[in-house]
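In what follows, a single structure is set out as structure tokens and then discussed.
Worth saying up front: this structure is predicted, and the values here are computed from it rather than measured. Protein chains get the first letters and strands the later ones, always in sequence-line order, with residue 1 at the start of each.
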Amino acid sequence: MTGSKVLKATGILALVGVAATAWLGLWVTPDAVGFPHGLVRLLYIHPPMAWVAFVAYGMAFLSSMLYLWPRTRHIRFDRMAGASAEVGVVFTGLTLATGSIWGRPTWGVWWTWDPLLTTTALLFVLYLGYLALRRVPGDPEVVARRSAIAALIAFVDVPVVYFSVSWWRSLHQAPTIDFTGRHLYVHGSMAWTLLLGFVSFTLAYAWLTAHRYRLAGLQDSEADEGLRYALDERRAEGLGPA
Amino acid sequence: MLRDAWLVAGKDLRIEARSRVALNQVVPFAAAVILLFGLALGPDRSVLAPASAGLFWIAVLLSCLLATQRSFAVESADGARDGLRLSGLDPAGIFLGKAGAVVAELLVLEALLALGVAVLYGAHLTGGLVLAAVCVTATVGLAAVGIIYGAVASGLRVKETLLPLLFLPVAAPVLLAATKAWDEALAGTPSGGLGWLSLLAVFAVVYVTIGIVAFGPLLEES
Amino acid sequence: MSGYIEAGYTIVLATLATYSISVLVREKAARRRLSVSAALGAEPATVSPVAGDAPSDAPADEGVLQ
Amino acid sequence: MAPAVRLREAVALAGRFPLLAGVSLEIDEGEVAHVRGPNGAGKTSLLRLCCGLVPLHSGEASVLGHDLAIDRRALRKHVGMLGHQSLLYEELTVEENLRYALRSFGLEIEQAGPAAARLGLAGRVSATPVGRLSAGQRRRTALAVLVARDPRLWLLDEPHAGLDQEGRELLDELIAESRAKGRTVLLCSHEHEHAAALSDRTVWLAGGQVVEEPASVA
């Protein structure tokens, strides 16, 4: 199975990449001027987390649309949407955690109403709701359909939330420190580490989602197996007492 | 589609006129919410008045939840979906009709609530035209999202707990935009709220469109 | 360096590791259960339904089947 | 004539539970069929499948020429279901319920009055909210909706339950009438002799399937 080989290679690359990012980020790269406590090192993991979360939700949205479109309707798109959204929620949680850790020494608070952080927090609850909806049992097709519609509603909300929150913030005060380091001159080993972080966490996303997708497929065929027995039992009822 | 929408809205409003659930339960609920906000924030008017727009819209948001739940509860108790699906009505019409009825109910509620906010929090309701326009656009958006999610959750055993979780985060931008627009109007600069008003309009248009398109698949196959 | 950086890296790496392992373990378990039930597939009558979920949204009268 | 109901190995599920485990059945247009079987045999599910309330999982099913896998909405206009739930609005009166039902199917509301009168719901009763009616009167209201709509396929699930003697006779009359008009009727009932007298044939269900011979238990 070549698909399996590619997946395995992706997993190994992701593992090596993440380990290398951690090593470079923690020990090799220099401290940047203007960032107390060596906080710049969080730069190598926080933005990639947020990036992966958005990629994951985009993927979930795309799969949901493919499921809703009658000509491409297939249950595998529903599995894909569910898998990607779940991985997305994990990465969103990590975005919030790392963002909060950034905020504490920088501003003295665990939380700041930064537009990106606020948007991310709303996304987190939005997609927790989506996952909760997915877990409500029912006919697989029905579950897939209502989940796809919920994914559509949630995803369309993302730009509206982002726009309104950043507008809201900009009316109050200018952001104190730019989160993603757009004002920071990133160079040399720092730039490479950041790039490596983006690539390897994206690979980790791909690997995780692929496995989660496989798991969903296995769970489905397990349920189908159960259905076969249930059908046999149901039919046996009709033949009267044995 | 519009004919069906009219029919459904008329039916829902007639049921409401008879049962008075919105009037006897949702309005007192909203009143209790703004009273409790007052208690939580203390009797100081200098604290309450600036917060009145936000508290008003929180109360509206929570009431909208109740109104949408009620909207599906009237569809014959346990067979809500069955009834709607057997009815031969155009799903888009059902969506528009139900959302329309909820909008009508909420607008009445908002008028009463605005009065309450003015009296209890000492908010000066200036810029009435902008306030009203914000109410209408925000409510249309809220009702649209509420009815879509109401249909998603109806028939599920966990609907009472699931609906708020699904609805509230999506409605967050409405809360934000409507509050800001009201703030501007109450501060005497209603023109500052026009930008927020257009954001609300975008929200309403997007979700009404999604509702019209998605309600069919939602009702048919479930 | 302060404790914050280490905490950030630890949380990220530990969470991702835990999640990955849980997915892999569940995948393996599902695969094993499937191969077991496939082996027993010849005699379905002796195997009770694996995933005979209670009918969640079934009408009450059809839900009770004895 | 094309069969009104045609099922081939139809499977319907609730979650992962098979309500119908492969039903093959043909009922001609104009036939009155008595669907019979023990509790949990799938009678109600069969009726719900025929009006598109339960999705078809696998197999083939067509009702009145509409493939259930493709267009269930087009079918609904022509099918009337009387189930355990009356699907009426408690706060609306009998007459308002009738009118709403007719309008929702795009029909004229003239039939509302005569249908109510036919079921003995004329006068004061017709102006009473359904929520205040007795179970028997609700049943009559639900039947009045069917009579007013006069669909091509009638799906009756235990229609006699909760009706008084007069109501039962009325119901029998109505079934006989619709049969004479060439309507197709699927009738589930535990009142076997009663139902058998009304129908052309009996369909036996057990374990979510059609069975040939009456099983030892009925």
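When side chains are defined from C-beta on, R145(A) does not count as touching L218(B), because their heavy atoms never get closer than 4.5 Å.
Contacts of V206(B) with chain A are made by side-chain atoms alone, with heavy-atom separations under 4.5 Å and no backbone atom involved. Neither the backbone nor the side chain of A177(B) has a heavy atom closer than 4.5 Å to any heavy atom of chain A. Neither the backbone nor the side chain of F124(A) comes within less than 4.5 Å of any heavy atom in chain B. Of the atoms belonging to A150(A), heavy atoms from both backbone and side chain fall under 4.5 Å from chain B. Heavy atoms of I148(B) lying under 4.5 Å from chain A belong exclusively to its side chain. Only the side chain of Y207(B) comes within contact range of chain A, with at least one heavy atom under 4.5 Å from a heavy atom of that chain.
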Q. Hey, mind stepping through R157(B) and V136(A) against side-chain contact (heavy atoms from CB on, under 4.5 Å) and telling me if it holds?
A. CA-CA 9 Å; R157(B) 285 187 187 168; V136(A) 179; over 6 Å; no
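The environment of W113(A) atom CH2 is sparse: at most 12 non-hydrogen atoms of other residues, nucleotides or ligands sit within 6.0 angstrom. Under a cut-off of 6.0 angstrom, the local environment of CG in L129(B) is sparse, with at most 12 non-hydrogen atoms contributed by other residues, nucleotides or ligands. With a 6.0 Å radius and a threshold of 12 heavy atoms from other residues, nucleotides or ligands, W110(A) has its CH2 atom above the threshold.
With respect to chain A, the highest number of heavy-atom pairs below 4.5 Å among L162(B), L168(B), V158(B) belongs to L162(B). Heavy-atom pairs under 4.5 Å with chain A were tallied for V152(B), T161(B), V145(B); the largest tally goes to V152(B). Counting heavy-atom pairs under 4.5 Å between each of A153(B), G195(B), P164(B) and chain A puts G195(B) at the top. Ranked by heavy-atom pairs shorter than 4.5 Å toward chain A, the options L176(B), V174(B), V202(B), I210(B) are led by L176(B).
One finds the CH2 atom of W196(B) at 6.0 Å from the OG atom of S164(A) (value rounded to the nearest 0.5 Å). For the atom pair CG (L166(B)) and CG (L126(A)), the distance works out to 8.5 Å, reported to the nearest 0.5 Å. Taking OH of Y149(B) as the reference point, atom CG of L133(A) lies at 8.0 Å (rounded to 0.5 Å).
Across all their heavy atoms, P173(B) and V160(A) have their closest contact at CB-CG1, 3.8 Å. When all heavy atoms are compared, the tightest approach of A132(A) to L165(B) is CB-CD2, 4.0 Å.
Results of the side chain to side chain contact (heavy atoms under 4.5 Å, CB included) test with V170(B) over V125(A), L122(A), I153(A) single out I153(A) as the only residue that passes.
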